[in-house]
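I have placed the structure first, in the form of structure tokens, so that the comments after it can refer back to it.
Numbers here simply count residues along the sequence, with the first being 1. Just follow the structure's listing: the first ligand is 1, and inside any ligand the first atom is 1.
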Amino acid sequence: MKTLFNTVLVASLCMSSSTFAAQIVGHRGASFDAPENTLSSFKLGYKQNADADELDIHLTKDGKVVVMHDYDMARTGGEKLKVSEHTLEELRALDIGKWGKWQGKGFSEKIPLLEEVLALIPDGKRLFIEIKCGPEVLPELANVLKKAGKKPEQTVIIGFGYETMQAAKEKFPNLEVNWLVQADKKKVFPPVEDLIAKSKAAKLDGLDLNQGFPIDKQFVDKVHAAGLKLYTWTVDDPIVAKAEAEAGVDGITTNRPGWMREQLAAKS
Ligand code: G3P
Ligand code: CA
């Protein structure tokens, strides 16, 4: 009887300590294992059992919502075409699967439309959509989201532009809209109280903070007490991820979603 009791006790302790509630978000997809912000990267993110993928959007000259981190195609496509000054067809002439370490790895990728990525989201999984441009994208974003017909909880809007996030929340009251914040030019991290006050003033749903913020349980509790969610990026160090998960963050954005989940399970 005592042995059975001990077994049950150990099993339940293991279960409680091995379960991190934090979602794992694939940064630009599974961008450690496939070229960032491509369909291959997003498919792989979900295949690696990420709870969500994250991507960056811009508006093309012909009004399409496309997925790209930079404002131009120089780094990933080899030609300095500014996304907002070219049509989808012109941008799609470039292969964004062969730059840097991806040369010779067999990838051939075109700049994705947001609608193509929305169509990949498995049931129960989410997509974090970072608005890199300004509010001019919102009307077409609304069309694309409506056409995709995903459940409201499956798409999350994020962005650094405070006014753009405020406008996004007004446009999409049913969607989660979170404000991205990093250190200022002098490498100073704004106080969490200020971030909470600004988020509440804009009726946003949460904060999405860069590595370096002093995130511990007290910090997370303050954000949660204000009714806000808290995500972090870009966390590829399992020690940092574990500390943040234990502190109670809602999600961790990483380039290595599958590997990070394994690391967290091993550390629990
Ligand atoms: O998920 C937020 C993060 O992606 C913001 O930084 O430069 O990678 O878009 P960046
Ligand atoms: Ca991003």
With no hydrogens and no angle check, just 3.5 Å: does a side-chain donor-acceptor pair link D237 and Q211? no

Looking at D95 and E109, would you say the former's side chain and the latter's main chain have a donor-acceptor pair under 3.5 Å? yes

min-distance protein heavy atom vs atom 1 (O) of ligand 1 -> E54 OE2, 3.1 Å

Testing the 3.5 Å rule here: is there a donor-acceptor pair between the side chains of T232 and E244? yes

Could you identify the single nearest non-hydrogen protein atom to atom 9 (O) of ligand 1 and state the distance to 0.1 Å? K132 NZ, 2.7 Å

I'd like to know whether I215 forms a side-chain contact (heavy atoms from CB on, under 4.5 Å) with V240, so could you lay out the CA-CA distance, the side-chain angles of the two residues, the decisive distance to 0.1 Å, and finally the verdict. CA-CA 10 Å; I215 294 173; V240 175; over 6 Å; no

Which of the atoms of ligand 1 are close to L180, meaning less than 4.0 Å from one of its heavy atoms? 2 (C)

Looking only at side chains, do Q263 and R256 share a donor and an acceptor under 3.5 Å apart? no

Quickly, which of W233, F189, Y231 forms a ring-ring contact (aromatic ring centres under 6.0 Å, His included) with F213? Name it, please. F189

Around atom 6 (O) of ligand 1, find the nearest protein heavy atom and jot down its residue, atom name and distance. W233 CZ3, 3.5 Å

Electrostatic pair K61-E90, nearest N-O below 4.0 angstrom: no

Under 4.0 Å from a heavy atom of R28: which atoms of ligand 1 are those, numbered in the order shown and with their elements? 7 (O), 8 (O), 10 (P)

For E54, what is the atom name of its N, O or S atom nearest to the Ca ion (ligand 2)? OE2

Exam field: side chain S41 to backbone A30, donor-acceptor pair closer than 3.5 Å: yes

N/O/S atom name from D56 that is nearest to the position of the Ca ion (ligand 2): OD1

Between ligand 1 and H69, is the shortest N or O to N or O distance under 3.5 Å? yes

For the Ca ion (ligand 2), find the closest N/O/S atom belonging to E130 and write down its atom name. OE1

Report, in ascending order of atom number, the atoms of ligand 1 lying under 4.0 Å from any heavy atom of D56. 9 (O)

Test applied, salt bridge (Lys or Arg N to Asp or Glu O under 4.0 Å); reference residue, E116; option that passes from R92, K64, K43: R92

Between ligand 1 and Q182, can you find any atom pair, the residue atom being a heavy atom, that is separated by under 4.0 Å? no

Starting from atom 5 (C) of ligand 1, which protein heavy atom do you reach first, and at what distance in Å? E130 OE1, 3.4 Å

Using a 3.5 Å cut-off on N or O atoms only, is H27 in polar contact with ligand 1? yes

